[in-house]
Amino acid sequence: PEGYTATDILARYKRAQGFNVLHPMGWDAFGLPAEQFAIKTGQHPRQTTEANIATFKRQIQSLGFSYDWSRELATTDPDYFKWTQWIFLKLYNSYFDPELNKAQAIELLEDALSDNPKRKEEWKVNAYLIGTHDAWKNFTSEQKSFRREFVDRRRLAYVSEQPVWWCEQLGTVLANEEVVDGKSEVGGFPVVRKPMRQWMLRITAYAEKLLTDLDTIDWSDSLKEMQRNWIGRSEGAEVEFRIPNSEFRITVFTTRPDTLFGATYMVLAPEHKLVDRITTPEQREAVSKYKTEVAKKSDLERTELAKEKTGVFTGAYAINPVNGEEIPIWIADYVLASYGTGAIMAVPAHDTRDFEFATKFNLPIVQVVEPPDPKIDWRGFVGDGTSVNSTGPEISITGLPTAEAKKKINAWLESKRLGKKTINYKLRDWLFSRQRYWGEPFPIVWKRDASGNLYHEALPESALPVLPPELTDYKPTATGEPPLARAKGWVNLPDGSTRETNTMPQWAGSCWYYLRFLDAKNPRAFVGKEAESYWMGTPPNPKSEIRNPKSATPGVDLYVGGTEHAVLHLLYARFWHKVLFDLGYVSTPEPFFKLVNQGMVLGEDNQKMSKSRGNVIPVDAPVQEVGTDAFRLYEMFMGPLEMVKPWSTQGVEGVYRFLGRVWRLFVDEKSETEFEQAETTEPQKGAGLLNLIRLDSAIKDVTAISAQLKTLHACIKKVTEDLDNFRFNTAISALMVFVNDAMTWETKPVSVLRDFLILLQPFAPHLAEELWEKLNLAFSLQPLALPYAPWPKFDPALLVESEIEIPVQVNGKLRDVIKVPANADNAAVEAAAKASEKVQQFTAGKTVKKVIVVPKKLVNIVVA
RNA sequence: GCGCGCGUGGCGGAACGGCAGACGCGCCGGACUUAGGAUCCGGUCCCGCAAGGGGUGGAGGUUCAACUCCUCUCGCGCGCACCA
């Protein structure tokens, strides 16, 4: 409720300011967690999903959130996932054009192949593919399958056979992002690497944009940093090492080409393709034994237990291109097959891991970098310095600082065609298929060509939505065959083709729901052009003030959510959005302009709430005890939204008492006693008895005096400014200050109380509306609905004091507080300060060296 | 190990470089009450009768003035982690 309360307050605030506010709610209900719950309770996922939605909806509605329920959606609804499948088709039918740096329709790739000779060269298209687009129709089946493969390899959604994370207990493969410390993110089950044929999404094509565009959006630094780390950009060079008397070449990636002269050995990942080919007969046994050992280790063991380096010599040597020296090639599991080229040049003098390895296996350690400080030991020094011992027959970088050395050696490598500058990313393509029942089916069928080769083909848009088959046994299989394969009648189509039986992951639906909210019922498009550009488009809606006016990037004005989606939903959604942007379906390059992470609410014991600890506060409990308004108010009063903070039952009572004071500010206490008595004697009259409650007789339709206006306008100013900065806790404290003061008033002007209720309404809407209604009735005011009553504007003129208090310091220490006329000039203020008796006590007999007068703030007298 | 964030009363937390502790909880005292776990009034950083002194994890620095800026350091939280 914390994040939802925050957005509801802002939605109500912005609505009162006259903005057109889109504040929606929906259900992201496909995927593993929902299906796991269904299996656990032995029900069909559709049943449990519907039941859970009903429960959540009841709770959410009990909190009085002002959602536009006409836009409610569920990702499991065919009217919704039809468009999830539609977007998948767009991914399938697009490729990433590196020259234009954007996604393009796949037909353009085909056109480019036939029209642009330069492009053909780039793509390394075989000569027989050259011809006009039309000519392709007359290709032989062999040619067609070649062309198909060529195109398929470039789709943003593609099929790939490679080692993937397989989770036995969940019966499905998982994406990198869903595997945490060698276990599944859902359930914490072990996962293993297993080669499988799977659907992938080419998110790596967007690595650079996903990284650089972070600078255009207003997210927290930590969240941006998490995405940056996950994308893991690193600049370096690829260098090619020859193997003597062999055709084979080993390419390594290094961020320190300047240390090339210090490369005294090479290491290949045990899984590297060349390992078996280069291993000498004498070393064959040792190498294959090591490979088997490594294969048995889980990834967890490979990383966590890797304090001690292991590896074996392959018997082969490579030639260091800068000095022609032969260096031994080892294999070791500290080199990962999945990063860079799966091979490294080892520079033990200037890399911690290589240093450990070389020390253990007695490999030579040669200094090639001089640390900037001679006191630092060069052994294991990994920072920047000056190159030494780096002179070869053709190239020397000795004496150059690291940055220049890198530049020079890169240029040399490039001129010799031995290497080139490269950028590497940790980000891998997104594994997009799951062997589960509860997800969107792929709009894909499989066919065989004349020579019997299996190939995939997209269904036409008219075939959407592809509904999943009704299955009584929807549980996953042990073999990894998707449960959908059981529905033979569904799988096999009349024309002999078969349906794809994998389903999409739980993240698919949430990748674009914010777009569907804009136009939730549109039957013709995933979102209508007009609706999209009205809510999301450039130029930014000039009425939006949440949006940073300096940013050219519009999008969703405010997204409140937890950090748990940092490298999952929030990365995936940005990726999909960028593809849709490239293809011209949305008008912004980024989906979410401002994102605020609400901090977790801990249990009263300062621990994370969990069933096992028994410290969970169920939403219904405080709502029943103190009511929705107090609950909302406390959620916001606990502390800053972003901060982690513990729940406190006593704290809830505090804001409950505040609401009681608000009530008594408006209501005649005697009438309340009458109401309570009547309720016990005549309970059958029920709600009608509420009329017994009368407004306090001090509330009058009179002009407010200036002190009252001052109190009101100070409150307006503070609440307005705090809401603009998402500082709910201090806004509430300002409301409390107002009430504390107003309680002492002998006469309470209606106009002031009304404005106060408008300020209170976003936080405590129920109480505010009740009192608003009573005021309207009692004073026959126009019956304007409170949520649309215009937000009051504070008048600075009313806050001006004729006399102000100025603290006076002597040598920076507070000695007195003096009263001066607000319009007093600096000289007058200084004189008044010096005239103060208390001040004189500390200045007597001393020389005044300097007097600092900060207008309307403070006086500091410096004496010696 | 690297990155990000945070250290303020008994507690949650306030403070554009300008009166440290707003507001709330708790506690102490009083009023009203048969009663109070309701409500209202007053008090509440520490030492001190007071005058005054000390105080924002610790040590330095910049400044007339530092919770706020800089350097180092300690502690806590989160994230990443053999990424070449």
Side-chain angles (χ1 to χ4, degrees), chain A residues 180-181 220-230 232-234 236 252-256 259 263 266-267 269 302-307 309 332-336 338-347 350-354 356-357 382 424-427 563 566-567 597 599-600 606 633-634 637-640 642-655 657-658 660-661 664 669 718 727 729-737 739-740 743-744 805-817 838 841-842 849-863:
Chain A
V180 180
D181 294 334
S220 72
D221 288 338
S222 66
L223 200 66
K224 286 186 182 182
E225 202 56 27
M226 281 166 79
Q227 292 214 344
R228 283 192 196 105
N229 286 341
W230 190 259
R233 183 183 198 272
S234 115
V252 302
F253 173 73
T254 177
T255 53
R256 293 296 299 270
T259 63
M266 291 187 88
V267 186
R302 230 176 121 163
T303 53
E304 293 220 334
L305 308 175
K307 280 145 205 157
K309 295 270 181 295
D333 67 357
Y334 82 92
V335 172
L336 307 174
S338 55
Y339 184 77
T341 60
I344 62 157
M345 62 174 212
V347 185
H350 307 295
D351 181 280
T352 318
R353 298 145 302 177
D354 297 345
E356 282 173 27
F357 192 83
V382 299
N424 237 307
Y425 300 93
K426 280 199 267 179
L427 184 70
T563 50
V567 293
N597 293 122
M600 214 187 321
N606 239 306
L633 212 54
Y634 181 64
F637 188 61
M638 275 189 278
E642 297 93 331
M643 205 173 270
V644 178
K645 54 234 164 224
W647 182 265
S648 157
T649 302
Q650 284 182 334
V652 183
E653 282 161 15
V655 293
R657 284 208 280 266
F658 162 67
R661 270 204 306 288
R664 288 191 300 278
E669 284 189 67
K718 182 81 177 135
R727 291 194 300 238
N729 54 331
T730 49
I732 293 167
S733 117
L735 295 170
M736 290 172 167
V737 170
V739 172
N740 289 346
M743 288 295 267
T744 65
E805 292 190 335
I806 301 279
V808 182
Q809 298 179 336
V810 178
N811 285 351
K813 290 199 174 181
L814 181 71
R815 295 305 176 188
D816 197 10
V817 178
K838 286 185 183 168
Q841 275 176 35
F842 292 89
K849 280 172 62 182
K850 197 173 179 181
V851 178
I852 288 116
V853 180
V854 185
K856 294 184 196 295
K857 285 271 183 191
L858 156 145
V859 178
N860 190 10
I861 300 169
V862 185
V863 296

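Proteins get letters first, then strands, A, B, ... in listed order; numbering begins at 1 in each. In this text, all values refer to a predicted model and were calculated from it rather than measured experimentally.
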Classify [X] by what it touches in the nucleic acid, base, sugar-phosphate, or nothing, heavy-atom distance under 4.0 Å.
{"X": "Val851(A)", "result": "nothing"}
{"X": "Asn229(A)", "result": "nothing"}
{"X": "Glu642(A)", "result": "nothing"}
{"X": "Asp354(A)", "result": "nothing"}
{"X": "Ser733(A)", "result": "base"}
{"X": "Arg661(A)", "result": "sugar-phosphate"}

key: Residues which pass ring-ring contact (aromatic ring centres under 6.0 Å, His included) with Tyr634(A), listed by chain and number, not counting sequence neighbours   =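 Scan of Tyr634(A) (ring-ring contact (aromatic ring centres under 6.0 Å, His included), adjacent residues dropped) gives Trp647(A).
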ask   = What residues, two or more places apart in sequence or in another chain, satisfy ring-ring contact (aromatic ring centres under 6.0 Å, His included) together with Phe357(A)?
value =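 For Phe357(A) the ring-ring contact (aromatic ring centres under 6.0 Å, His included) partners, ignoring immediate neighbours, are Tyr265(A), Trp330(A), Tyr334(A), Phe361(A).
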For [N] and [M], measure between their [atom1] atoms and round to the nearest Å.
{"N": "rU44(B)", "M": "rG77(B)", "atom1": "P", "value": "36 Å"}
{"N": "rG7(B)", "M": "rC70(B)", "atom1": "P", "value": "14 Å"}
{"N": "rG58(B)", "M": "rU8(B)", "atom1": "P", "value": "10 Å"}
{"N": "rU68(B)", "M": "rG61(B)", "atom1": "P", "value": "14 Å"}
{"N": "rC4(B)", "M": "rC49(B)", "atom1": "P", "value": "49 Å"}
{"N": "rC16(B)", "M": "rG42(B)", "atom1": "P", "value": "27 Å"}
{"N": "rG5(B)", "M": "rG53(B)", "atom1": "C1'", "value": "36 Å"}
{"N": "rG13(B)", "M": "rG24(B)", "atom1": "C1'", "value": "9 Å"}

Check the phosphate of [N] against [X], side-chain N and O only, distance under 4.0 Å to OP1 or OP2. Yes or no?
{"X": "Asn740(A)", "N": "rG24(B)", "value": "yes"}
{"X": "Arg815(A)", "N": "rA65(B)", "value": "no"}
{"X": "Lys645(A)", "N": "rG12(B)", "value": "no"}
{"X": "Arg228(A)", "N": "rC80(B)", "value": "no"}
{"X": "Gln841(A)", "N": "rG52(B)", "value": "yes"}

Stems where RNA chain B pairs, listed by first number, each of three or more Watson-Crick or G-U pairs under 3.5 Å =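 So far as stems of 3 or more pairs are concerned, RNA chain B shows B:1-7 with B:74-80, B:10-12 with B:23-25, B:26-31 with B:39-44, B:45-47 with B:52-54, B:57-61 with B:69-73.
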[X] side chain, from C-beta outward: closest of [options]:
{"X": "Glu225(A)", "options": "rC4(B), rC23(B), rC82(B)", "result": "rC4(B)"}
{"X": "Met736(A)", "options": "rG18(B), rA84(B), rC23(B)", "result": "rC23(B)"}
{"X": "Ser234(A)", "options": "rA65(B), rA84(B), rC19(B)", "result": "rA84(B)"}
{"X": "Pro646(A)", "options": "rG12(B), rC19(B), rC4(B)", "result": "rG12(B)"}
{"X": "Lys850(A)", "options": "rC19(B), rC64(B), rA84(B)", "result": "rC64(B)"}
{"X": "Asn860(A)", "options": "rA84(B), rU39(B), rA65(B)", "result": "rA65(B)"}

Salt bridge (Lys or Arg N to Asp or Glu O under 4.0 Å) with [X]: which residues, sequence neighbours excluded?
{"X": "Lys645(A)", "answer": "Glu2(A)"}
{"X": "Arg664(A)", "answer": "none"}
{"X": "Arg661(A)", "answer": "none"}

ask   = Mind checking what makes side-chain hydrogen bond (donor to acceptor under 3.5 Å, both in side chains) contact with Thr255(A), not counting sequence neighbours?
value =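 With neighbours one apart ignored, the set is empty.
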request  = Could you list the residues that satisfy side-chain hydrogen bond (donor to acceptor under 3.5 Å, both in side chains) with Arg727(A), not counting sequence neighbours?
outcome  =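 Checked Arg727(A) against side-chain hydrogen bond (donor to acceptor under 3.5 Å, both in side chains); matches are Asp722(A).
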key: Nearest heavy atoms of Val335(A) and Ala269(A), plus distance in Å   =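 Shortest heavy-atom contact: O-CB, 3.3 Å.
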ask   = Any donor-acceptor pair under 3.5 Å joining the side chain of Lys849(A) to the base of rC64(B)?
value =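 Check fails, no donor-acceptor contact within cut-off.
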Could you go over nucleotides 54-57 of chain B and give all protein N or O partners under 3.5 Å, atom names and distances?
unit_1  : atom_1 : unit_2    : atom_2 : d
rG54(B) : OP2    : Lys813(A) : NZ     : 2.7

Separation between CG of Asp351(A) and OG1 of Thr259(A), rounded to the nearest 0.5 Å =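 Here the interatomic distance stands at 8.5 Å.
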Please list, for nucleotides 14-17 of chain B, all pairs of protein and nucleotide N/O atoms separated by less than 3.5 Å.
unit_1  : atom_1 : unit_2    : atom_2 : d
rA14(B) : OP1    : Asn729(A) : ND2    : 3.1

request  = Could you pull out all residues at least two apart from Lys850(A) that satisfy side-chain contact (heavy atoms from CB on, under 4.5 Å)?
outcome  =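 Checked Lys850(A) against side-chain contact (heavy atoms from CB on, under 4.5 Å); matches are Ile852(A), Val862(A).
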query = With sequence neighbours left out, what residues match Gln227(A) under side-chain contact (heavy atoms from CB on, under 4.5 Å)?
reply =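 Once residues adjacent in sequence are excluded, the partners of Gln227(A) under the side-chain contact (heavy atoms from CB on, under 4.5 Å) criterion are Leu214(A), Trp219(A), Leu570(A), Leu571(A), Arg574(A).
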